[in-house]
Structure formats: C-alpha cells, structure tokens
Amino acid sequence: MNYTSIKEIDSLKKWVTQALKIKKNPLKNQKLGKNKTLGMLFFNSSLRTRLSTQKAALNLGMNVMVMNFTSEGWTLEFEDGAIMNQGASEHIKEAAEVVSQYCDIIAIRAFAGLVDKEKDNAETVMSGFLKYATVPVLNMESATGHPLQSLADAITMEEHKTKHRPKVVLSWAPHPRALPQAVPNSFVEMMQLQTEMDFVITHPEGYELNPEITKDSKIEYDQDKAFENADFIYAKNWSNYKEYGKITNSDPNWTITAEKMKLTNNAKFMHCLPVRRNVIVTDEVIDSENSIVIEQANNRTYSAQLVLQKILKKLEKRK
Amino acid sequence: MNYTSIKEIDSLKKWVTQALKIKKNPLKNQKLGKNKTLGMLFFNSSLRTRLSTQKAALNLGMNVMVMNFTSEGWTLEFEDGAIMNQGASEHIKEAAEVVSQYCDIIAIRAFAGLVDKEKDNAETVMSGFLKYATVPVLNMESATGHPLQSLADAITMEEHKTKHRPKVVLSWAPHPRALPQAVPNSFVEMMQLQTEMDFVITHPEGYELNPEITKDSKIEYDQDKAFENADFIYAKNWSNYKEYGKITNSDPNWTITAEKMKLTNNAKFMHCLPVRRNVIVTDEVIDSENSIVIEQANNRTYSAQLVLQKILKKLEKRK
Amino acid sequence: MNYTSIKEIDSLKKWVTQALKIKKNPLKNQKLGKNKTLGMLFFNSSLRTRLSTQKAALNLGMNVMVMNFTSEGWTLEFEDGAIMNQGASEHIKEAAEVVSQYCDIIAIRAFAGLVDKEKDNAETVMSGFLKYATVPVLNMESATGHPLQSLADAITMEEHKTKHRPKVVLSWAPHPRALPQAVPNSFVEMMQLQTEMDFVITHPEGYELNPEITKDSKIEYDQDKAFENADFIYAKNWSNYKEYGKITNSDPNWTITAEKMKLTNNAKFMHCLPVRRNVIVTDEVIDSENSIVIEQANNRTYSAQLVLQKILKKLEKRK
C-alpha cells in the first residue's frame, strides 16, 4: 500500500473517524512500529511535514532516518536510458532500490519545478520512487499533490463543522512567489470525496487548476459571491496552470479580509501554512477566533499517523 | 518553565549539586522523558550544544527531532503586522505555535547578528518563540546569552576549585572574527550568583560588556593585575559592545600565554570552545594539565540534562 | 578497537561468516547497543553509508546522532601548532576529544581532496580523529580507504560465488569527474586477504593505484584478457594516482558492456554505487540478472553491523 494521492482513500468518512480515534490516544499503537524504519527523503524544505510525520512515526514506535537528499546525498537522474556523463551521480533506479533495503516505508517530498508542466504532471521524482522502490511510498508533497495535508484538512473540518451540510470555499489569494498547485489539487480531490459538503472553488479567471483534477467541481469567479453562506474558507495561492508556473495576477483584492469574512456564515478560516500574513490573509482574520490554521497543522500528525498505521498493518499481514 | 537566561536559576548552589548527582548516574531518570519529544531548532552552527543537548535528552529517554531551520525550513518573519511580500515565508507566530504541537520542549539556537544592537538586545528570535510557543523553551545560545554553557561552567568550577573562596577571572582575548557577547554575558550573570567566589572581568578599555549585565562586577583593565592570585582564568573573545559588533582591538598581548598563567595561583584554564589556538590561547596553556576545557564541554551534557529534567518534572506535575 | 582499514580484519573468512549470521537474524543483538551512542560525522555526501550504518546501529539498539560537520558545525584545523587566525574555528584536538565524551563510537566520512597527494595519503581528517578521539573510530570512507564497503563486497561475493576458486576482476571504467581511490584501494586490500580467489586488476596504463597498496596483486592492462573466465567483474572509476587527481583517460572502450561480459564465465557484475549508467556500465549489464549491485548495497548494513557489534563487545569487556 502506497499513499501518494487522495485517490488511495477508500472511504474518507472512515479514515477521518479513525484519525480522530488516534488523536484521542496517539500512543496506543506504539508496538506496531517497533523495529520498523521510516526513511524520510527531502528534496525540498519542510517544517510541518518534517516534524509531524516524524512525530507520527515516533508515536507508532518506529525508527526514523531523515535525509535531505540534495544536500546530503547525490543528484539523481530520472530518465531511463540516460548517458550519465552530466551532473547526476546516481539513477533513481539504484537509489530507490537501495533505500528500500534500509527502510520499511519511504516518505518523499519533491515539489513541482513549475517550469515544465509535462514533467511536473509526470511526477518525475515520486513516479521514480513508485516505480523502483520495493517498499511502500508516502507522499510528503509531490509536484501535483499533498494528500497528507488534505487528509488533515478533512479531519479538521470534521472537528469544526457546526451543521450537517457545510459550504466549503477554496479561495485563491495573491502571493509574491510562484507556488505549486499541489495543495489545492489534493484539497479539490479530497472535497470530491465529501458526500455531505458543498464545495466551491473561487479564483481569478485564467487561474483554473488542472481540469482533469477539478472535473465538475463548481468554479465561481466572483469571490464575494463564492463567500456567501460559506462555513469554511480555505485560502491558498497557486501559480497559473495554463501559463504554467507564471504569476499573471497579484490583485490584492483577493486577499482574505475581515470584510470578506463577513459575507460568510461566520466561516472558519483555513490555510495549510506557511502563510504570508497581510498578503494571503490579514492579521485580523488569521488571528481571529474563527481561524483554525493551528489546529489544522496539529492534525498533520494524526493524518500521517493514520496512514503509517494502515501501511504498517498491511506489512504485518503480509508476513 | 523556560530556561532562556541564568536568571531562571533559583539557587545556583543547588543546581550545581543536582547536576553533579546526575553526572554520577546519568541514566537514572530514563523513564522521565519517555514519549516526550525535544525539538531542537538551529538557526546557527553548533557542535557541542547540538550533540550534548541531544545526548542529555537521550539519557532521559526522550525522542529528539533536530532541524536546521534556515536551510531545511522557511525564513521567518518576526515583526508583528508585517506585510509579508518580501523574503520571509512564515511568521514566527505560526511557526512557534505549530512546532509546540509536535514537541514537548523546544530548544533554540539563534546568534546575535552583531549589526543592530537594539534588535540583538531585543532577542528577536528567542523572544518570538517565548511569546508564541505553548511549550517550554530552552536557550541553546541566543543573541545575548548562553545559559546552558554558563551552568556547565559553574559545574566545572565546583569540581575543580581547590580552596574555599577562589578568584575567577573572565579575560577578553583577541580573535580574527567579530563574535557575540552571549557567552561572557551569561558567564557574568552566573558569577553574580556565586556567593563564595571573587570575580574580576578584564578586557581592553572600550570593550565593556553591556553595563546592564555587568552591573557592579569588578572590571580591571590591566590583564596582568587581574591575573594575580587567580584560581580560574576564563578566556573569551567578544566584539565591541559600544561600537556594536566591531573589532576595535586585536592586540596579541591579550592572548593567554604560559607567562601570564604564571602570574596566577596555578589557575585552571577555561574556554567554552571552539577556540582559536595561538590566538586566544597558546598551545602550551591549552595543552597543559591546568586546562579543563574538555571537562567543561563534557559538563554541557549534565547542564542540559539538569535543565531538561527540571522541565520534564514540571510537565509531569502539571498533569 | 577501531575500524579504519581492511588491515584490522584478523580473519576475513570468519568475519564474512559472522556477518552472514547477523544477516539471518539482524535484531538478535538489540540489547548490545542499549544506551550506547553512535556519532556519525559527515564531511562529505553519503546515501548508502549514511542510511546503512544508521540502520545497523538501530538494529543493535544504539542511539544515533548524525551531524554534517562542515555545514552544521565548525571548520576544523588539523595542523599542530597552527596559529588559527584564518578560516578554521576549531582544532581537531578539541573537536575529537569533545565528541568522544558524547559518543561511544565515532564514525567519520571524509573524502580525498585529490589535490595534495601527500595530504590525502596522510589521511588528515581520519588520522586527526584517531589521534585525539578517546573512543573507537569507524571509517565511513576516508581519503584512501572504504573498508565498510569492501567488507560488504566480501560478504556479497561469498553469497554469489558458484565455484571453489572464483576469478575476481577489478576493472577501471571511465567517469566524467575525478574520483578518489578509496574504494578500489580497500577492495584490493580485501582481495589480498582472500585465500580462495584469483584476483586481477585491469586499467589503462598509467592508472596504477598506489603500489604500496596493490603490492604484488596482478595487473592486466588488456581489459578483454582480464575478463576471460572471470566470475566477478567489479567496476569502479578512480582518478589518476601518479598524475594525482587528474583525469588522463576517459576512453569509452573501458565501459562495461554486455559484449565484454560475454568474455567472462557468466560473471556477476558489481559496483559500490552510486554508478553512472552508460558511462561506467551499460543499462543492459547493470539491469541484467547477473548484476548484484543492489545486494551489495544491502550488505552494507550487515558489514556495518558486524563491525559495530565487535566494537560494542570490546567496550563491554572493558567494563
């Protein structure tokens, strides 16, 4: 069992219930991970993912080996058949097969490059590990998805919803740097699994996410209209998908303000963090009682722990 | 309970006695830290602090998560109300609150920048964590203090003193690079808690430390005179505090030599390390039997372990 | 007991047998390393060594502290008597003595600089630690040797040999960057301990390894001839030893191809990894059934575990 995409969740409802059970008693399964090793390979920076995934593994009694791949290891080649007389010292085939021998589970973080859409959509790094690793692979944010984040988001919404069928809005917001679409992609995919929530995506025209991901999810270009009656506002910037990796809009009118929050049904404010204050969202909103960004980050531990637990149980059965 | 400054020591005598007890049996409290996690966040390089604090935590049975914040995480913004459209990706508020959810204790290392005195005195990083963290914070050397070092120094002097009221001299010495005042500051503060030691600071005129720290501690500008009858010579460079962060003196006559040590009462030689040989101190002195710099570094483990132990015990009571 | 060179193996046959026993039951000695700490200090990049040595220590129940010395610590001075007013902040004497107080075993990785042959042959870093450390030292690849790798190679050959007296060929192959001689050096030294194997080294004329290491090992400049009847082909690039650190040959005819493998006795293909595909060896060869490079990397865990186990047992006796 891998966990590289929201698609691997068979029943979101069940998973959320299980995660909330873990949260109540996180040390209950401390024997499950005994003598099992999680290898965490980072190709990019990480704070929450780094620490929460590690914490989840420790809660399960696992050993953890952390490695910043690019600075501490070797540059990898991902193309099959490459004549490796340039920069890369090692092929993903060897790297993945070798690391699989030292670890029971491999967790990978490898962002989109935002230069070559095709390459990012092909998930070069993640696919390479999936193809060649001989142990389960965990996605700690890849070029096009961040399923541990979105699972934590689902857990958080379950905890904070106040009515049967809440309205959830994913709102684009401006940002000074070009960011990947991984978080909104997985959020959209997760929302598509929600059976008792209404979902709207709002962003400037031209900022459409990959239509193969959004499918028939509702898009509303008027942010104010989208916010009406919303119970959850999930803010996130992403760079342009059509004009790939470009910033074609930095309109400060899309910043989430207290005024805009007034349009909602006293909505909770969410963001995956790190967040640019007073660019994505004003201090007033993120510091308000309705902001649940810290709880969201906390649930990263239980999201990771649920997934690790599921993988460990499958590994146990295999014996 | 935090440990960010020498001021948090209620009774230095008691603390030193307790640390020496830990040193005799460092694994005695291995259950105290079980399922507790120490998060070590480094904004600067570290050898002794990195390994000794980690070792102390392991001796207590804790889990340790180490993170080099600047290279592995995100650049932090420390100013409240900042419009974050520049370099920093995350505000200290979120960072500290989030990490507090994954760790039971957070240890921070963040040196002085030595450019802006006011900013350094405000302890931007440490204060930010103190303000927003919801778990105890441990100072692994901040802009203006290094209290784990000075506690280790007190332990070391207790072990090596040979008479009732020893004379301790903190001596400035030259160095090719501008260094912070953190170590001498905390050493001075620790010495001010010593009731049975005489204390003299010696340095070139103009190299006074922050007078709010030195208070009425004795200053002697004539190094030779200061060394007379000394039982401990604690050498350390610091950059100019008045002409903030500048090197205004690099007089090799301030180097600690065997000749100068002859002026003392067969004094022990101390330094917090890393030390520039033949600049701060000659090989002859640091390699002599009277040099106790290695023992000093060893006591870093017990200094950290005492503090962690105290924090863990308070956490336990809180339950 | 240190393990810094193949010379420290008293009986290769015994060691290989013991390692294979560990491989069958790697968690058997989990109590041996309890409360013992392995400090892993990296002066260079590492993937296999980093993870396999760590895994070996975890299998033995040890605590592990990993440190990238150059980026996370201080630049070291290795010369005795140096006036340290330049780049280096700390002398190896203090560094090694201090780290010895926090760790029960110190493992070091420090590559050849390939600029100054004398300095590399003097093993500046490794010798410094050996001279000043007060605990056992483990070589995780030094300027002139990689004995954990060669021990793993011996284990792998033992598992894959199909006849009593196999022929083993160490073959140079081209590479775009200048590489150290550490791996071939230790491989040669290990092969000299093999009593039931025939050994030939093949490389272009002028690419002789240090004759003090190769001694009377057979050298054959004709690669084709060397491959005849070979049972193991061990490919490895190294830079020129005479014209020290230079690349004086990059002849693609030395690449290991399927055609060349046909000259052998259905030989197994070996390489220490990372390997440049289609430069050192063609995809066809490394992807063939006869390639045992992944098994080789797997045996790095058992090679390290055997050595750590031996050291831990000696430490225990000392008590």
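Sequence lines set the chain letters: A, B, ... in the order given, protein chains first and strands last, and positions in each chain run from 1.
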For chain A, which residues of residues 295-308 of chain C have heavy atoms nearer than 4.5 angstrom:
C:Glu295, C:Ala297, C:Asn298, C:Arg300, C:Thr301

Residues of residues 150-157 of chain C contacting chain A, heavy-atom criterion under 4.5 Å, by residue number
none

Distance alone, cut at 3.5 Å: any donor-acceptor contact between the side chains of C:Gln54 and A:Asn63?
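Judged by distance alone, the side chains do not pair up.
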
Trace of the side chain to side chain contact (heavy atoms under 4.5 Å, CB included) decision for C:Asn68 with A:Asn68
CA-CA 11 Å; C:Asn68 297 304; A:Asn68 297 304; 5.6 Å; no

To the nearest 0.5 Å, what is the distance between NZ on C:Lys55 and CG on A:Asp104?
5.5 Å

Give the intermediate values and the outcome of side chain to side chain contact (heavy atoms under 4.5 Å, CB included) for residues A:Glu72 and C:Ser45.
CA-CA 5 Å; A:Glu72 298 175 351; C:Ser45 288; 5.9 Å; no

With a 4.5 angstrom heavy-atom cut-off, is it the side chain or the backbone of A:Asn35 that approaches chain C, or both, or neither?
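Interface part for A:Asn35: side chain.
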
Proximal component of A:Ser89, with respect to chain C [non-hydrogen, under 4.5 Å]
both

Does a side-chain heavy-atom distance below 4.5 Å link C:Asn278 with A:Met84?
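When only atoms from C-beta onward are counted, A:Met84 and C:Asn278 do not touch, as no gap falls below 4.5 Å.
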
A:Met65 side chain reached by C:Val64 side chain, heavy atoms, under 4.5 Å:
no

Chain C shares the most heavy-atom pairs under 4.5 Å, among A:Ala95, A:Cys103, A:Ser71, A:Ala88, with A:Ala88

So does A:Glu77 pair up with C:Arg277, basic N to acidic O under 4.0 Å?
no

Lys/Arg N to Asp/Glu carboxylate O, A:Glu90 vs C:Arg48, below 4.0 Å
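Salt bridge between A:Glu90 and C:Arg48, a charged N being under 4.0 Å from a carboxylate O: yes.
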
Report the C-alpha separation of A:Gln101 and C:Ile294 in whole Å, then their side-chain angles, then the decisive distance to 0.1 Å, and conclude whether the side chain to side chain contact (heavy atoms under 4.5 Å, CB included) test is met.
CA-CA 9 Å; A:Gln101 298 180 118; C:Ile294 303 302; 3.4 Å; yes

Return yes when atom [atom1] of [X] has more than 12 non-hydrogen atoms of other residues, nucleotides or ligands closer than 6.0 Å, and no otherwise.
| X | atom1 | answer |
| --- | --- | --- |
| C:Glu259 | CD | no |
| A:Ile83 | CD1 | no |
| C:Gln30 | CD | yes |

Stepwise, does the side chain to side chain contact (heavy atoms under 4.5 Å, CB included) test hold for C:Asp287 with A:Lys93?
CA-CA 10 Å; C:Asp287 290 332; A:Lys93 187 170 195 293; 3.3 Å; yes

Which atoms of [X] come close to chain A, meaning under 4.5 Å heavy atom to heavy atom: side chain ones, backbone ones, both, or neither?
| X | value |
| --- | --- |
| C:Pro274 | both |
| C:Ile280 | neither |
| C:Leu51 | both |

Residue selection (most heavy-atom pairs with chain A, distance under 4.5 Å) from C:Asn44, C:Ile286, C:Thr282, C:Leu47:
C:Leu47

Among C:Val275, C:Asn59, C:Val293, C:Asp283, which has the most heavy-atom pairs under 4.5 Å with chain A?
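Most pairs with chain A among the choices: C:Val275.
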
